[in-house]
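Order of appearance sets the numbers: ligands from 1, and atoms from 1 within every ligand. Just so you know, these numbers use all the heavy atoms, side chains as well, and skip hydrogens, waters and symmetry mates.
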Amino acid sequence: MDKNSQYYIELDEQWGAHTYHPLDVVIERAQGVWVYDVDGNKYLDCLSAYSAVNQGHCNPDIMAAMTAQMQRVTLTSRAFRNDQMGVFLAQLCQLTGYDKALMMNSGAEAVETAIKITRKWGYHVKGVPKHTAEIIVCGGNFHGRTTTIISFSSEKKYKDDFGPFTPGFVTVPFGDIDALSTAITPHTVGFLFEPIQGEGGVIVPSDGYLQAAYALCQQHNILFMADEIQTGLGRTGKLFAVDHEDIRADVMIIGKALSGGFYPVSAVLSDNPILGLFQPGDHGSTYGGNPLASAVGAAALNVLVNDQLVEKSAELGAYFMGRLLRIESPYVKEVRGKGLLIGVELHEPARRFCEALQQRGILCKETHENVMRFAPPLVITRDEIDWVLGHIEAVLAH
Ligand SMILES: *Cc1c(COP(=O)(O)O)cnc(C)c1O
């Protein structure tokens, strides 16, 4: 049998659990912003693996660091030390301005880690009675897929069949400062949020919301916990999306682009009075902090800084968004976003528009039914954006 797309799609369907509804494009290689499928088609990737490949697919600098490290040592476990982790953590903390970092693998694990350290801080520092800590979260959130994290999802699909749920979470509407204020009790230890809700449909809160939320947290001695797994590391045109409001999270959660798509690397960043509370045995991960992940992470940060990807995201994002806003289309309800994290909300399901773009050589994926998300690798050029926009305009015109 000829090994075309259909061949691989049938393998996936037969042998894999059906947890996703992907576009039927089977990618066999990629470089920069471009991906190539098994049928010989070429596409510009406007999703970047949910912002994991901000540095572009198969970035040569990260690849070189990874292949070099792979030939030395890949995994030591934290039973022993290695010569890569500390070097990477120093670089990460110096870039971001935090005292300490703890490496994990997936984003969800980093969120779990943030929840655990925040609860421990609540009991040991704030003095909340044991096992009564509450963390306030936002409606429409996406923080990952573990049983604890889906316990405070508001998405039926993510949670309905998977209870019983972990207690200790209180949900308020995203962007509603009065609701946040009302939800605070003496048991509140943290406020966990995404500065822009990515999976929720690229929801941008109104200006000043995060600053007001931060002030409330300070006033009530509550940790301000930013999940910047998707928005962080340049995606929104600042190093972190909270930088747009000149605030600093007490607990910062990052992942995805921390490895530029080569390897699962995530981390929780915080200061000594918080992350310093973890004692040997409190938390761990076999692969967390391994030398391969550390080398990859260090290279991914170097690319971010040396190629000025944060600045590029700000400049090209403003251009992309400006042109989208000028499109006159009966289908478009709203265009929103920051930097190169852009959502176009339609009056109808976005799937057929994504499929039409696929026909034209552009990959994007609908989120929350009616929203097209545009989040290309930050290494995209203005010419490439012009090319993409020509097609978006055509698809939205009729
Ligand atoms: C992707 C994502 C996660 C989960 O990361 P995984 O690596 O898939 O576990 C958590 N929070 C946000 C905001 C994300 O975008």
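A cation-pi geometry, defined here as NZ or CZ lying under 6.0 Å from the six-membered ring centre and within 45° of its normal, does not hold between Arg248 and Phe240.
Of all atoms in ligand 1, listed by their number and element, those nearer than 4.0 Å to a heavy atom of Glu194 are 13 (C). Residue Ala108 has at least one heavy-atom neighbour below 4.0 Å for each of these atoms of ligand 1: 4 (C), 5 (O), 6 (P), 9 (O). The Gln230 neighbourhood of ligand 1 comprises atoms 15 (O), with distances under 4.0 Å to a heavy atom of that residue. Close contacts of ligand 1 with Gly107, meaning ligand atoms under 4.0 Å from a residue heavy atom, involve 5 (O), 6 (P), 7 (O), 9 (O).
The protein non-hydrogen atom at the shortest distance from atom 2 (C) of ligand 1 is Lys256 NZ, 2.6 Å.
The CZ atom of Arg360 lies 13.0 Å from the CD atom of Gln358; values are rounded to the nearest 0.5 Å.
Contact annotation for atom 15 (O) of ligand 1: protein present (non-hydrogen atoms, distance under 4.0 Å).
In this structure, the side-chain contact (heavy atoms from CB on, under 4.5 Å) partners of Thr231, at least two apart in sequence or on a different chain, are Pro195, Ile196, Glu228, Thr236, Ala241, Leu341. Listed by chain and number, the residues in a side-chain contact (heavy atoms from CB on, under 4.5 Å) with Ala267 are Leu92, Ile254, Leu258 (sequence neighbours excluded).
The distance criterion of under 3.5 Å between nitrogen or oxygen atoms is met by Asp227 with respect to ligand 1. Considering backbone and side-chain N/O of Ile229, none are found under 3.5 Å from N/O of ligand 1.
The backbone and the side chain of Phe142 each have at least one atom closer than 4.0 Å to an atom of ligand 1 (non-hydrogen atoms only).
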For this session: Apply side-chain contact (heavy atoms from CB on, under 4.5 Å) to Leu357 and Phe374, showing your working.
Result: CA-CA 12 Å; Leu357 283 175; Phe374 295 105; 4.0 Å; yes
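Of the possible donor and acceptor atoms, one in the side chain of Lys312 sits under 3.5 Å from a partner among the backbone N and O of Ile380. Lys100 contributes no side-chain N or O that, together with a main-chain N or O of Ser270, makes up a donor-acceptor pair within less than 3.5 Å.
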